[in-house]
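None of the values given here were measured: they were computed from a predicted structure.
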Amino acid sequence: MVALIMMAATIHAQTREIHILSGNDLHANIDNMPMLAAIADSLRCIDNQLLVFSAGDNRTGNPVNDLYSIPTYPMTALMDFIGFDASAYGNHEFDNKQKGLATVMATSNFPYLCANMTADEELNVHPLPYKIFEIEGVKIGVLGVVQLGVHDIPDAHPDYLVGMHFTPVEETIKKYLWLRDKVDLFILLSHIGYEDDVKMAQQFPAFDLIIGGHTHTQLKGGEMHNGVLVTQNVNKLKRVTYITVKMENGKVVDKKAENIEVESFPKKNAVAQAMVDFFNNNPEFHRQLATAAEFKELEELGCLMCDAIISEMGADLALQNYGGVRISEKEAGPFTVSDVLRLDPFGNPCIEMNITGEEFKQMLISCYETSEGYFPFIGGAKCEVHFDKNDSTRIADIKLFTLDGKKLNMKNKYKVVTNSYVAAICDSPRSDQGHDTGVVCSDMLMHFLEKKGFVDYLGTRRVTLVK
């Protein structure tokens, strides 16, 4: 009799656990997708209604994916196979221009959620602002947002965003708070970064859960902020998050998150592995261009990139934005086509301009400010960056020197080269806005490496930050 009463009470309580597997900033690491597929298989043995979400930046970082005949098809095919239920837009979803984004959306069997973006009809880019999933009577609302940076657009090449229109994240969320009353579990699928996720949790406790991305912030499972569970992982699919939300009578009564290691997961899905092997079967990417000493720091690679375009263009100075250097270290040995395209996956052409030393200095400051406080790398010169003693984030002065230590003449004009993204976002005043050379920066780096045969940048430092 007691057992029957207990059973009736349990049924009446209508307890249900919602299970979610989430990743962020996958950056086309298709080699880890067979393990992710095996993880999803295992979790579906526990709950066959497992939800799988990505917080954006599924692409950019692997030429096998980014330069495929249908760009990004390897990632979307693998995500479709694994059974992703939705993805946010990351800023790198825009890296293959408007037409490429439309193709990605058309070849994906899952929706892209982005409430703070609309697009002109002719672009054929139609993200959903939100989606409501239902599992055994539990309604789960998922709202998507993407970060906005310089000029109130995502951190992507401005030319690739023409015809798309963005609204601030906070303003957008306020417009969709009515969803709270329509669902039992309210999720923000966010590509705005950890600090902003925490701010949204503080401001909008209507959310039960924020699945975040963009800053590659490794959290231990999740963090509770103002009653909102916030999750995020490091990039390139090293880890994912397994989230369990306990519901009773349509109310969230408990929620927790734990990390799952992907790279060391002991099983692989055989079909996913066969797909990866097929996509990786391109010998051109494995062609060796040169041999290199070890690269231990991001700046060493940034200096290499600057030197390559200086050499190829016969320029005096070069500028490379911090975010344009996509790998931070490299072991000694062969430097292949794949290595170059992982280092610089954007396909941006080289821009050439003739400007004074003072104008170059102002470009450096503008690049720092538009890169959210990350100072760029330079070629053809060295510099000391002095920060305001009362504000450690504000540049007070920059002193520029030749490579042999002499002061750079700030009135002289110099032939300066950079990539088209830097030229577009750095709107400092200058007499020459630059012209497109028609040569892609990564192609110049390949040619430079082939000519050199061996490169050694270990210990190369050209920027000194004085705070």
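- In summary, the side chains of S108 and T76 do not present any donor paired with an acceptor at a separation below 3.5 Å, with no hydrogens or angles considered.
- Nearest heavy atoms, D427 versus S366: N-OG, 3.5 Å.
- With I187 as the partner, the side chain to side chain contact (heavy atoms under 4.5 Å, CB included) test is satisfied by one option alone out of I18, D208, I20: I20.
- Between H19 and Y242, the ring center distance clears the sub-6.0 Å criterion.
- For Y176 and F204, the gap between ring centers reaches or exceeds 6.0 Å.
- Between F110 and F84, the two ring planes are tilted [angle within 30° to 60°].
- Judged by distance alone, the side chains of H286 and S338 never bring a donor and an acceptor atom under 3.5 Å apart.
- For the atom pair CE of M446 and NZ of K451, the computed distance is 15.0 Å after rounding to the nearest 0.5 Å.
- Between F207 and F186, the distance separating the two ring centers is shorter than 6.0 angstrom.
- Side-chain polar atoms of N91 and H191 form a donor-acceptor pair below 3.5 angstrom.
- To the nearest 0.5 angstrom, Y421 atom OH is 11.5 Å from Y160 atom OH.
- Residues Q232 and T215 have side chains that bring a donor and an acceptor to within less than 3.5 angstrom of each other.
- Summarising the geometry, atom CG belonging to L188 is positioned 9.0 Å from atom CD1 belonging to I211; distances are rounded to the nearest 0.5 Å.
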Subject >> Derivation of the salt bridge (Lys or Arg N to Asp or Glu O under 4.0 Å) call for E450 and R287 >> reply: CA-CA 11 Å; E450 286 183 306; R287 180 168 63 88; 2.8 Å; yes
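- Among the candidates T231, N24, D197, the single residue satisfying the side-chain hydrogen bond (donor to acceptor under 3.5 Å, both in side chains) test with S190 is D197.
- Of all heavy-atom pairs spanning I210 and A201, the tightest one is CD1-N, 3.9 Å.
- A centroid separation of 6.0 Å or more is found between the aromatic rings of F360 and Y414.
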Show the atom names and distances, to 0.1 Å, of all donor-acceptor pairs under 3.5 Å that link a side chain in residues 303-311 to residues at least two apart or in another chain.
unit_1 : atom_1 : unit_2 : atom_2 : d
D307   : OD1    : R462   : NH1    : 2.9
D307   : OD1    : R462   : NH2    : 3.3
D307   : OD2    : Y457   : OH     : 2.7
D307   : OD2    : R462   : NH2    : 2.8

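- You'll find the ring centres of H27 and H216 inside the 6.0 Å limit.
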**OP:** Starting from the C-alpha separation in whole Å, work towards a yes-or-no answer on ring pair (Phe, Tyr, Trp, His ring centres under 6.0 Å) for F375 and Y322.
**Re:** CA-CA 6 Å; F375 199 81; Y322 185 97; over 10 Å; no
Subject >> Verdict with supporting geometry, E352 and K415, salt bridge (Lys or Arg N to Asp or Glu O under 4.0 Å) >> reply: CA-CA 7 Å; E352 177 186 306; K415 184 175 179 181; 3.7 Å; yes
